[in-house]
Amino acid sequence: MADLIYNIQPDEIYHLGAQSHVRVSFDMPEYTGDVTGLGTVRLLEAIRKTGVKTKFYQASSSEMFGSAPAPQNEETPFEPRSPYAAAKVYAYWLVRNYRDGYNLFVTNGILFNHESPRRGETFVTRKITRAVARIRYGFQDKLYLGNLEAKRDWGYAPDYVRAMWLMLQQEGPSDYVIATGESHSVREFCELAFQQVGIELEWRGSGTSEIGLVKSTSFPACEGLNKVPRPGNEVVAIDPRYFRPTEVEYLLGDASRARKELGWEPSVTFSQLIKIMVDADIEELQNLEQCQDVVRKIVNAR
Ligand code: GDP
């Protein structure tokens, strides 16, 4: 890394690399600490030792707040609830330490969850939108989820990347929270995503026996498909495998500082975000060889 930084002499470095899946970090805590925590120190050391004048952005995370009461801002003390979050807290403080100790332009962006069609398929938003597209067109029966009550402040990733860039265009380094200021549960995300394809959900049961059924659909029963979802079909179920040993129940960001100092505002609402992601997953389905004929026929017939 020192060689690369010395040879490239970059103006700006955006350090986004990490083992970033919270559930996975419980299974691989040491690896997560190495990549997510120590990886940051390796980069900071490379900058310090080469003496290259570069600005450095550290992808800090709202997961660092963990169980701290909402709303969370730059002053909120961290209460990390996973190996991932603990590794990010470590990296956050190393950035602060290198800023103070070596006078480097190193900035922490504390970004709340940011989503887009490029989100990995095992994160809950993309897992839901992908399943909704597949269920709607008969390529999947059911979606298995973990904790439906967890609340997150979900924004649109391109807005957040703009914020990262803005942070490095400031006079000096600092720390900024980036969030929409709205928090929704996994359950709400799920309901809206199904609505997006014309499926109303209703919930029955509780705990690990809770299920999501199709209450009604806005499309005809027969579209030349074998498995088009019909009222009464069970489309959501709980799988305890997706529970975490310690959960972050409620994240809600207060990005007033970024609004004031960076002039940053989110441009996409919660329901717009879901529409963007569901539409992209339907589009992707149309491009899959085994699905394209079926989906295109229905979409074109509208
Ligand atoms: P995180 O906020 O970085 O952990 O992002 P995720 O998208 O992985 O998870 C967001 C929330 O959704 C967490 O509180 C999870 O416990 C909850 N959740 C519920 N069901 C699932 C699931 O099936 N997969 C994932 N990844 N998260 C789930």
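Read the numbers this way: they start at 1 and go in the same order the structure lists the ligands and their atoms. Everything numeric here is computed off the predicted structure, so don't read it as measured data.
Listed by number with element, the atoms of ligand 1 under 4.0 Å from a non-hydrogen atom of Val22 are 3 (O), 4 (O). Short contacts between ligand 1 and Ala150, defined as distances under 4.0 Å to a heavy atom of the residue, involve ligand atoms 14 (O).
Distances from atom 6 (P) of ligand 1 to the heavy atoms of Arg81, Glu121, Arg244 show the closest one on Arg244. The heavy atom nearest to atom 20 (N) of ligand 1, considering only Gly146, Gly120, Ser20, is found in Gly146. Comparing Val248, Val186, Asn113, Ile128 by heavy-atom distance to atom 5 (O) of ligand 1, the nearest is Asn113.
Residue contacts with ligand 1 do not include Arg23, since none of its heavy atoms lies under 4.0 Å from the ligand. Remark: distances from the non-hydrogen atoms of His21 to ligand 1 include one below 4.0 Å.
Between Phe65 and Phe78, the gap from one ring centroid to the other is short of 6.0 Å. In this structure, His114 has its ring center at least 6.0 angstrom away from the ring center of Tyr156. Two rings, from Tyr98 and Trp93, have their centers 6.0 Å or more apart.
Among protein heavy atoms, atom 28 (C) of ligand 1 sits closest to Val124 CG2, 3.5 Å. Shortest contact from atom 16 (O) of ligand 1 to any protein heavy atom: Glu247 OE2, 2.6 Å. The nearest heavy-atom contact from the protein to atom 26 (N) of ligand 1 is Thr122 O, 2.9 Å. Considering only non-hydrogen protein atoms, atom 1 (P) of ligand 1 sits nearest to Glu63 OE2, 3.5 Å. If you check which protein heavy atom lies closest to atom 23 (O) of ligand 1, you get Lys127 NZ, 2.7 Å. Nearest non-hydrogen protein atom to atom 2 (O) of ligand 1 is Arg152 NE, 2.7 Å. Of the protein's non-hydrogen atoms, Asn147 O, 3.2 Å is the one closest to atom 19 (C) of ligand 1.
Salt bridge status for Lys260 with Glu265: absent, with no side-chain N to carboxylate O gap under 4.0 Å.
A donor atom on one side chain and an acceptor atom on the other are not found under 3.5 Å apart for Gln72 and Glu79.
Leu251 pairs in a side-chain contact (heavy atoms from CB on, under 4.5 Å) with only one of the listed residues (Ser183, Ser62, Pro71), which is Ser62.
Between the side chain of Lys55 and the backbone N or O of Pro10 there is no donor-acceptor pair closer than 3.5 Å. A donor-acceptor pair under 3.5 Å links the side-chain atoms of Lys88 to the main chain of Ala59, judged by distance alone. Checking side-chain atoms of Thr217 against main-chain N and O of Ile199 turns up no donor-acceptor pair under 3.5 Å.
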